[in-house]
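These notes are about the structure you will find just below.
Numbering of ligands and ligand atoms starts at 1, following listing order. The first residue in the sequence is number 1, and the count goes up from there.
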Amino acid sequence: MAYLITNVSVLGAEPRDLYIDGGVIAEHKGEEPDHIIDGTGLVALPGLVDLHTHLREPGREDAETVETGSRAAALGGYTAVCAMANTSPVADTAGVVEQVWRLGREAGLVDVQPIGAVTVGLAGERLAELGAMADSAATVRIFSDDGHCVADPRLMRRALEYVKAFDGVIAQHAEEPRLTEGAQMHEGEVATRLGLTGWPAVAEEAIIARDVLLAEHVGSRLHVCHLSTAGSVEVVRQAKARGVRVTAEVTPHHLVLTHERAESYDPVFKVNPPLRTPDDVKALRAALAEGIIDIVATDHAPHAVEDKECEWAYARPGMVGLETALSVVLSTGSLEKDGEIDWDLVAERMSRTPARIAGLTDHGHDPLPGAPATFTLVDPAATRTVDPVETASRSKNNPYAGMSLPGRIVATFLRGEPTVLDGKATK
Ligand code: DOR
Ligand code: ZN
């Protein structure tokens with residue numbers, strides 16, 4: 001099928017036509033397309049890339065599957081997602097990562113790039129078969145025990161050394177477990193008032209500080225998952241200034257929600273790392289704009305009703321985020337220049353840089369003639385009220401319910417084929 005998109009602004013530039021045929025973008029030379037999309041008022045971006053998605057398959061298909069999570073991703077403007085390893089069984093062997101990769105191909109909605117576990121069963125005791133996962137059909141390049149911290153410094157060092165051979169990266173969930181035992185929310189005045197055990201900022205900052213030193217010592221690549229505190233920003237800033245090979249992500253929810261939300265005792269706001277203070281939010285936004293934080297990653301964490309609609313202390317941490325990520329980021333105003341959305345910066349933080357970190361060479365290309373037709377069309381003037389029930393995800397743990405957010409994904413294309421048209425999934 002050939003598509004003509006008329007009068008569309010590529011990354012905020014003057015409107016033009018784009019012709020899509022054979023999986024690539026071409027100049028329109030008068031050919032008759034099969035479909036015409038009126039791009040007036042729309043912005044074309046390289047397809048978004050999520051470095052941190054929980055798809056729950058295998059094991060918790062009641063919460064999400066590779067297919068339902070992929071559909072939610074496409075609806076959010078994503079063309080690739082990296083699937084975290086904390087499935088059941090854990091993605092710690094070539095067999096499991098190949099299974100996830102194959103399920104992603106079968107769904108065909110986004111490229112699903114499996115992340116492999118660092119340690120066997122995420123238990124933090126023995127290194128998993130990193131080489132076998134790297135050599136598998138899934139060609140794993142990112143390893144993470146996300147959900148758990150690789151707390152043992154010797155294991156962390158060995159993991160960093162191991163992945164150097166194939167330019168892999170260790171993505172750390174930075175949480176010193178001895179400092180967060182029994183923790184329910186951010187350690188601070190709100191936790192004190194509510195009588196809930198606190199998760200102190202230093203538990204994150206101490207691990208990041210240790211890991212940048214280890215990465216520096218080994219000369220290897222470290223990626224820090226879901227940075228959540230102002231102090232973490234400063235640790236990463238100093239490491240980057242020294243030339244350490246470190247990258248960092250922030251989630252949409254840590255850019256807008258704060259620990260006061262726990263006052264509702266609604267577990268939809270329970271997440272790990274926890275929602276922090278308004279000052280942390282301010283620092284994270286500034287760091288994202290500046291580039292100390294390299295990317296936005298969703299940490300899309302779907303959970304079944306029984307795991308979320310219960311007492312705060314028993315609820316699982318995590319919130320869905322794929323379908324709202326771009327809107328939430330736009331709502332912060334962090335990626336603006338002179339009061340206007342800086343689309344080039346949006347592309348940098350949500351597509352090009354995550355694609356580069358993950359080694360996804362098909363992604364992160366500006367939608368211009370000669371590039372793969374892997375892009376998304378956004379209507380920046382639209383607003384929408386978030387309805388947690390109206391979702392492609394199997395889970396409804398959406399913390400933005402009822403919020404009015406800017407921007408709407410109109411279409412998403414993966415290698416020339418639409419996965420979303422008119423705001424609806426094509427399959
Ligand atoms: O809130 C979270 N949920 N943080 C994590 O690190 C894991 C994730 C999950 O798997 O639900
Ligand atoms: Zn995590």
Side-chain angles (χ1 to χ4, degrees), residues 50-66 69 72 81-92 100 114-119 121-122 124 142-151 156 169-177 180 183-186 199 203-204 207-208 211 222-229 232 247-255 257 259 261-262 266-276 295-310 312-322 325 393-399:
D50 191 19
L51 213 68
H52 191 148
T53 312
H54 296 276
L55 293 175
R56 305 297 188 218
E57 189 176 6
R60 285 307 300 264
E61 291 83 353
D62 57 325
E64 197 77 289
T65 65
V66 171
V81 302
C82 298
M84 274 298 172
N86 64 341
T87 49
S88 178
V90 169
D92 58 3
V100 171
I115 290 174
V118 177
T119 70
L122 309 177
I142 305 179
F143 297 88
S144 182
D145 274 5
D146 182 65
H148 301 265
C149 182
V150 181
M156 187 62 184
V169 56
I170 304 293
Q172 176 70 295
H173 168 116
E175 174 183 355
E176 167 51 59
T180 60
Q184 293 294 331
M185 65 173 293
H186 173 64
W199 196 132
E204 175 173 307
I207 291 291
I208 301 174
D211 287 353
L222 171 71
H223 177 75
V224 185
C225 295
H226 40 53
L227 225 87
S228 70
T229 79
S232 296
T247 52
E249 73 188 34
V250 65
T251 68
H253 48 272
H254 287 111
L255 290 172
L257 304 173
H259 64 159
R261 297 281 176 156
D266 184 343
V268 79
F269 299 113
K270 182 171 175 178
V271 65
N272 192 18
L275 302 176
R276 304 286 188 185
I295 65 167
V296 174
T298 67
D299 197 3
H300 175 81
H303 285 297
V305 172
E306 64 271 23
D307 291 325
K308 256 337 219 183
E309 290 179 15
C310 55
W312 181 282
Y314 299 110
R316 302 260 175 96
M319 35 186 71
V320 297
L322 284 167
S393 171
R394 283 236 167 124
S395 295
K396 322 277 180 239
N397 51 311
N398 189 322

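Of all atoms in ligand 1, listed by their number and element, those nearer than 4.0 Å to a heavy atom of Val271 are 1 (O). Atoms of ligand 1 lying under 4.0 Å from at least one heavy atom of His173, given by number and element, are 6 (O). Those atoms of ligand 1 with a heavy atom of Gly318 less than 4.0 angstrom away are 1 (O), 2 (C), 3 (N). The atoms of ligand 1 that sit less than 4.0 Å from any heavy atom of Asp299 are 4 (N). Atoms of ligand 1 lying under 4.0 Å from any heavy atom of Asn86, numbered from 1 in the order shown and given with element: 9 (C), 10 (O). Taking every non-hydrogen atom of His303 and a distance limit under 4.0 Å, the qualifying atoms of ligand 1 come out as 11 (O).
Around the Zn ion (ligand 2), protein N, O or S atoms at less than 2.8 Å comprise Asp146 OD1, His173 ND1, His226 NE2.
One side chain, His54 or Asp146, offers a donor N or O that lies under 3.5 Å from an acceptor on the other. Under the 3.5 Å distance criterion, with hydrogens and angles disregarded, a donor-acceptor pair is assigned to the side chains of Ser228 and Arg276. Side-chain atoms of Glu64 and Ser393 include a donor-acceptor pair closer than 3.5 Å. Side chains of His223 and Thr247: a donor on one and an acceptor on the other come within 3.5 Å.
With contacts defined as side-chain heavy-atom distances shorter than 4.5 Å, the pair Glu249/Ile295 qualifies.
With hydrogens left out, the protein atom closest to atom 8 (C) of ligand 1 is His54 NE2, 3.6 Å, a heavy atom. Given atom 3 (N) of ligand 1, the protein heavy atom at minimum distance is Pro317 O, 3.0 Å. Of all protein heavy atoms, the one closest to atom 1 (O) of ligand 1 is Asn272 N, 2.9 Å.
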Glu204/Trp199 under side-chain contact (heavy atoms from CB on, under 4.5 Å): CA gap, chis, key distance, verdict: CA-CA 9 Å; Glu204 175 173 307; Trp199 196 132; 3.9 Å; yes
Test side-chain contact (heavy atoms from CB on, under 4.5 Å) applied to His303 and Arg56, step by step: CA-CA 9 Å; His303 285 297; Arg56 305 297 188 218; 3.2 Å; yes
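The two residues Asp299 and Asn272 have their closest heavy-atom pair at OD2-O, 3.9 Å.
Close to ligand 1: Arg56, with a non-hydrogen atom less than 4.0 angstrom away. Not a single heavy atom of Arg316 lies less than 4.0 angstrom from ligand 1.
Under the side-chain hydrogen bond (donor to acceptor under 3.5 Å, both in side chains) test applied with His226, the options His173, His254, His52 reduce to a single match, His173.
When heavy-atom distances to ligand 1 are checked against a 4.0 Å cut-off, Met84 has no atom that comes that close, whether in backbone or side chain.
The side chain to side chain contact (heavy atoms under 4.5 Å, CB included) search around Lys396 returns Thr391, not counting sequence neighbours.
Trp312 places no side-chain N or O within 3.5 Å of a backbone atom of Lys270 that could act as its donor or acceptor partner.
In this structure, the separation between NZ on Lys308 and CG on Asn398 is 11.5 Å, given to the nearest 0.5 Å.
At a 3.5 angstrom cut-off on N or O pairs, Ala301 does not count as close to ligand 1.
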